[in-house]
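When a ligand or atom number is given, it counts from 1 through the structure's own listing order. Numbering of residues begins at 1 and proceeds along the displayed sequence.
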Amino acid sequence: MSYNKDSGAVLGRFDAEKYYKILLRCVEQIKEKTDFIPEAAVVLGSGLGHFVDSMEVIAEIPYEDIDGFPVSTVAGHQGKLVFGKIGGRNIAAMQGRVHYYEGYDVHDVVIPIRVLKLLGANTAVFTNAVGAINADYRPGDFVVLSDHISSFMPSPLVGENISQLGERFTPVTDLYDRDMRELALSIGREKDIRVHSGVFLQVTGPQYETPAEIRMFRMLGADTVGMSTAIEATAAKHMGMRVCAINCVTNMAAGINNSVPSHEEVTATANKAGKDFSILLKELITRMS
Ligand code: HPA
């Protein structure tokens with residue numbers, strides 16, 4: 001691609017070379033602090049902050065100590081990488097993540113998952129809080145993603161492709177790993193935790209949706225709606241990771257059963273569901289192939 005250097009378009013252009021250098025520098029800085037190699041990256045959403053308490057922690061790195069790593073601005077979202085073991089597996093847990101609605105560019109939102117893959121993690125497990133569009137779901141339920149709709153979000157793969165990361169035209173047909181989905185469902189049955197299989201739709205937020213939007217999303221086939229995960233999962237797939245994602249239903253989406261979502265309800269339900277969420281996640285990580 002070539003632009004006249006004086007044209008405004010150059011200013012906002014994604015600089016692939018610079019971006020790749022930032023990724024490699026983040027990896028280098030982490031390697032200076034620990035030689036731990038994670039097999040899985042686990043992104044902890046709302047309610048799962050305490051998950052790290054059940055880990056045998058080997059190293060902790062606040063995001064702000066990694067030059068180039070995006071730092072969360074949302075209250076209640078801690079920001080650190082926790083390396084350690086759970087169920088005998090080596091994982092890198094992200095306590096807190098950045099969201100597109102914070103004003104970060106979509107490429108920056110996926111820096112952490114890209115860095116963790118470059119560190120050695122071949123599996124990605126994403127978790128997040130969502131509103132339920134499917135009226136059969138209830139707050140406190142979990143949904144393992146069978147697929148997603150990210151068409152309302154910019155793609156993290158736009159701009160010059162970085163061939164060291166993945167291919168230009170990435171298939172996302174089987175984005176969410178079938179074995180991990182089935183494992184999550186069977187753990188739910190075994191532990192008496194309500195786990196559904198569903199289609200998730202990501203929006204930018206930060207406003208919750210209008211009832212008309214939720215009616216549209218339902219017509220499009222979405223079961224849940226939330227403000228993270230799908231674009232991170234896309235970047236993970238681009239890098240060839242095995243991907244799994246679990247939603248925690250914190251509320252019924254706007255207009256479903258006359259629901260008016262609020263941040264208070266989202267946080268309160270996420271915290272209440274935290275214990276079951278931790279059990280589900282721990283078993284999933286311990287038993288995954
Ligand atoms: N909509 C979007 N994001 C969300 C919701 C919701 O209803 N609940 C939790 N995150």
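- For the pair Y137 and H196, the tightest heavy-atom approach, listed with the atom from each and the gap, is CE2-CG, 3.4 Å.
- Aromatic rings from H263 and Y208 are positioned such that their centres are separated by 6.0 Å or more.
- Within 4.0 Å of ligand 1, the residues that place a heavy atom are A129, V130, G131, Y208, E209, V225, G226, M227, T250, N251, V266, listed by chain and number.
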Atom pairs and distances, donor-acceptor, side-chain atoms in residues 277-285, under 3.5 Å, two or more places apart:
from, atom 1, to, atom 2, distance (Å)
S278, OG, G274, O, 3.2
E283, OE1, R287, NE, 3.1
E283, OE1, R287, NH2, 3.0

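- Residue F126 forms a side chain to side chain contact (heavy atoms under 4.5 Å, CB included) with just one option from I246, I113, N247, L44, and that option is I113.
- Using a 4.0 Å cut-off between charged nitrogen and carboxylate oxygen, E64 and K80 do not count as a salt-bridge pair.
- Donor-acceptor pairing under 3.5 Å is recorded for the side chains of R242 and S289.
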